[in-house]
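Residues take their numbers from the sequence shown, with the count starting at 1.
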Amino acid sequence: MPNFAKLLSGSRASHYLGIIIWITPLLILNNGENSLMPYDEAVYAVRARWMLESGDWLTPQSWGELVYEKTPGPYWWLAFVYKVFGISEVTSRLPAQIACIVSLLVIYEITVMLLNKRIAYLASSILGVSFLWLQSSRLANANLMTICIAFLGLCCLLKAELNPKYRYYWSFFAGLSFALGLLIRGQLIFVLLIALVPYLIWKNQRHRLLCNSMLYVGFIIGLIPTFAWFLLSWLRYGSVVFEQFFGLAFRIALEQRNGNSFLFYLWNTPIKAFPWAFFSILGLIIVSKRPVNSNHWILIVCPLVILTEISLVSTRLPHYALMLYPFMAILAAVAFDWLGEIYNNNLNIRKFRFIPRNLSYLFGGLGGLIFIAGIVLYTGILPINFEQNINIKNYAIIGLVLGVSWLTLPLIWTVRHRFGKKFLTAKYWIASWLLSAWLGLAVAGATGLFSNYNPDIKVFLQQRAIASALQNNSIHFVVQQTDALTTGGNEALLLLTFYTPHWGKRFKQVLEVPTGSYAWVSPEPSVGLSTAYRHLGTFRGWKLIQLVKEGAGTE
């Protein structure tokens, strides 16, 4: 039996606790108002709810239409959470939040094996305050769950290499993790697997992982749930299961969205991961200058292969780059560790001593500009027009906090190097970088920017007549085309489906709806909205009506 007291008393336990304390407030801070994002949050939430309420855990569906585009792991997990904790925005986002915390701990372990504990702790801290990573960690989708299980597989591979005594156990769990990743997010798990191929092949003489039979045993056992689901679905529905599943893969590979070119990730990812992406480039250079070892295959080759993979696919979206973020965080941590040594004058490299100084002044100056911009936006000194649904003061507050935080960078540098206050070591300087991002993201969460994506639906549904009708009646849906297989579904339909407590049936014509019942009616002209009805309200073209007898009055 392992000595748990010894395990918990070590620095690893304190680092684990520090990581959890660091990320948890960022995952839960909000303004008390929550609403789902139609894509992909409402898509996953609605399909999981269908499974729970229908009792059919085999079939992904949306209003009677099969949607076999993705494997069912996320739907099962969400449906289980709904069964235990109830259906809400908070419970919908719980799996991704848990996956985020586990991912940070896994990345810590991976970095400890590749580098050291100091850089590992820093890498997990940086990853937690990366904008797109944090936003995805607070969304009800499968992205973070997939990344979590994929990197858990990588962690097990490295442990199998470094612990020969237990390599069979770790190899088994590595294969099992990668196979279960197929159940969570289908094709996406292969992005990391393909990126690991160079490491697995060219270093096989040393780690012998490809010769370990338990790796394949774990993989085969992990495939059983996915294969069983495919088999049972095929027996019930036939070839349409595979047509839809592989059809999505081909659409992603061949369809270009929003005109995003091959170079999309080279400019979009640095923006979404600012400023860490730029430090990761410095970290990449630092690692490449070191003697070649297995670290190069993981820290250099692997992210470059992933970048190539996602760039070659015609559908290029920002969240497809999330698989790169753990590598960027590790490399950025390498850069900060190196810069910290220069800051403390521990490295006798005079030609690089200007880098921490210039970075401090550069971001301090940028912070000053952001602070001034925040004041202008918050006070409205300059008459600037924005979209009506944008609360610009929320963004102004974020700018004020981030601007003031970045102004501490040149202050810390100056006090140490100009006034000789040696107690302000690199730890304070690096902490200023991290806390600046943390405070900015915390304020963004507290203002609802990470949780309240469609406030208009909550305002609409809180109207007395509408709230009463929804709580006390089953609501039918009248719609011809749901677009479930083309875009994931009509945005308004997805939101109304999730926020309707009691589902009725789906009809294609208003005439089919029983008299006296309530229905959400699509704005499609073909539904035939000419029958007598009582109109309760309209949300993005969708009308909530009660069917009445002819001559009893209409809207």
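Across all their heavy atoms, Val129 and Trp276 have their closest contact at O-NE1, 3.2 Å. Pairing each heavy atom of Leu424 with each of Tyr343, the nearest pair is O-OH, 3.1 Å. Here the closest heavy-atom approach between residue Phe279 and residue Leu339 is recorded as CE2-CD1, 3.8 Å. Annotation for Ala277 and Pro270: closest pair CB-CA, 3.6 Å, computed over non-hydrogen atoms. Between Asn454 and Ser35, the shortest heavy-atom distance links the atoms N-OG, 2.7 Å. A pairwise comparison of heavy atoms in Asn34 and Asn452 identifies C-OD1, 3.7 Å as the closest pair.
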Practice prompt. Using the side chain to side chain donor-acceptor pair (under 3.5 Å) rule, take Tyr320 and Glu309 through it: C-alpha gap first, then chi angles, then the decisive distance, then the call.
Written response: CA-CA 10 Å; Tyr320 286 5; Glu309 288 181 77; over 6 Å; no

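Asn31 contributes no side-chain N or O that, together with a main-chain N or O of Ala446, makes up a donor-acceptor pair within less than 3.5 Å. The backbone N or O of Gly445 sits nowhere less than 3.5 Å from a side-chain atom of Asn30 that would complete a donor-acceptor pair. Here the side chain of Ser311 pairs no donor or acceptor atom with the backbone of Thr308 at under 3.5 angstrom. The main-chain N or O of Asn143 is found under 3.5 Å from a side-chain atom of Asn141 such that the two form a donor-acceptor pair. Side-chain N or O atoms of Arg47 include none that pairs as donor or acceptor with a backbone N or O of Pro74 at under 3.5 Å. Checking side-chain atoms of His296 against main-chain N and O of Val287 turns up a donor-acceptor pair under 3.5 Å.
Atom CG of Asn394 and atom CG of Leu377 lie 11.5 Å apart (nearest 0.5 Å). Taken to the nearest 0.5 Å, the OG atom of Ser92 stands 13.5 Å off from the CZ atom of Arg138. The distance from atom CG of Leu324 to atom OH of Tyr265, rounded to the nearest 0.5 Å, is 9.0 Å. Of the inter-residue distances, the one linking Leu494 atom CG with Tyr39 atom OH reads 6.0 Å to the nearest 0.5 angstrom. Between the CG atom of Leu299 and the OG1 atom of Thr111 there is a distance of 8.0 Å, given to the nearest 0.5 Å. Interatomic distance, CG of Asp40 versus CG of Leu317, reported as 9.0 Å (0.5 Å rounding).
Surrounding OH of Tyr395 are at most 12 heavy atoms belonging to other residues, nucleotides or ligands under 6.0 Å away. Under a cut-off of 6.0 angstrom, the local environment of NZ in Lys422 is crowded, with over 12 non-hydrogen atoms contributed by other residues, nucleotides or ligands.
You'll find the side chain of Tyr325 reaches within 4.5 Å of the side chain of Thr269, heavy atoms only. Annotation: side chain of Met145 is not in contact with side chain of Ile98 (no heavy-atom distance under 4.5 Å). At a threshold of 4.5 Å between non-hydrogen side-chain atoms, the residues Trp170 and Leu158 do not count as touching. When side chains are defined from C-beta on, Asn163 does not count as touching Met113, because their heavy atoms never get closer than 4.5 Å. Using a 4.5 Å cut-off on side-chain heavy atoms (C-beta onward), Arg49 and Leu78 make no contact. Side-chain contact between Leu282 and Trp338 is present, with heavy atoms from C-beta onward closer than 4.5 Å. Glu41 places a side-chain heavy atom less than 4.5 Å from the side chain of Tyr453. At a threshold of 4.5 Å between non-hydrogen side-chain atoms, the residues Leu331 and Ile300 do not count as touching.
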Counting only pairs under 3.5 Å, give me each side-chain donor-acceptor contact of residues 355-365, with atom names and distances, residues two or more places apart or in other chains.
| from | atom 1 | to | atom 2 | distance (Å) |
| --- | --- | --- | --- | --- |
| Ser360 | OG | Pro356 | O | 2.8 |
| Ser360 | OG | Trp429 | NE1 | 2.8 |
| Tyr361 | OH | Thr414 | OG1 | 3.4 |

Below 3.5 Å, can you tabulate the donor-acceptor pairs from side chains in residues 397-404 to any protein atom, sequence neighbours excluded?
none

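Shown here are the side chain to side chain donor-acceptor pair (under 3.5 Å) partners of Lys458, two or more places apart in sequence or in another chain: Glu89. Listed by chain and number, the residues in a salt bridge (Lys or Arg N to Asp or Glu O under 4.0 Å) with Lys159 are Glu109 (sequence neighbours excluded). Ala174 meets the side chain to side chain contact (heavy atoms under 4.5 Å, CB included) test with Cys156, Leu157, Leu215; sequence neighbours excluded. Partners of Thr408 according to the side chain to side chain donor-acceptor pair (under 3.5 Å) rule, which considers only residues two or more places apart in sequence or in another chain, are Ser432.
Ring planes of Tyr75 and Tyr44: tilted class, angle from 30 to 60°. Ring geometry for Tyr121 versus His15: interplanar angle under 30°, hence parallel rather than tilted (30 to 60°). Note: Phe151 and Phe327 have tilted aromatic rings, judged against thresholds of 30 and 60 degrees for the angle between ring planes. Relative ring orientation between Tyr169 and Tyr166 is described as tilted, the plane-to-plane angle lying within the 30° to 60° band.
Judged by the 6.0 Å distance and 45° axis criteria, Lys272 is not positioned over the aromatic ring of Phe131.
Under 3.5 Å, the side chains of Arg316 and Asn268 contain no donor-acceptor pair of N or O atoms.
Two rings, from Phe371 and Trp406, have their centers 6.0 Å or more apart.
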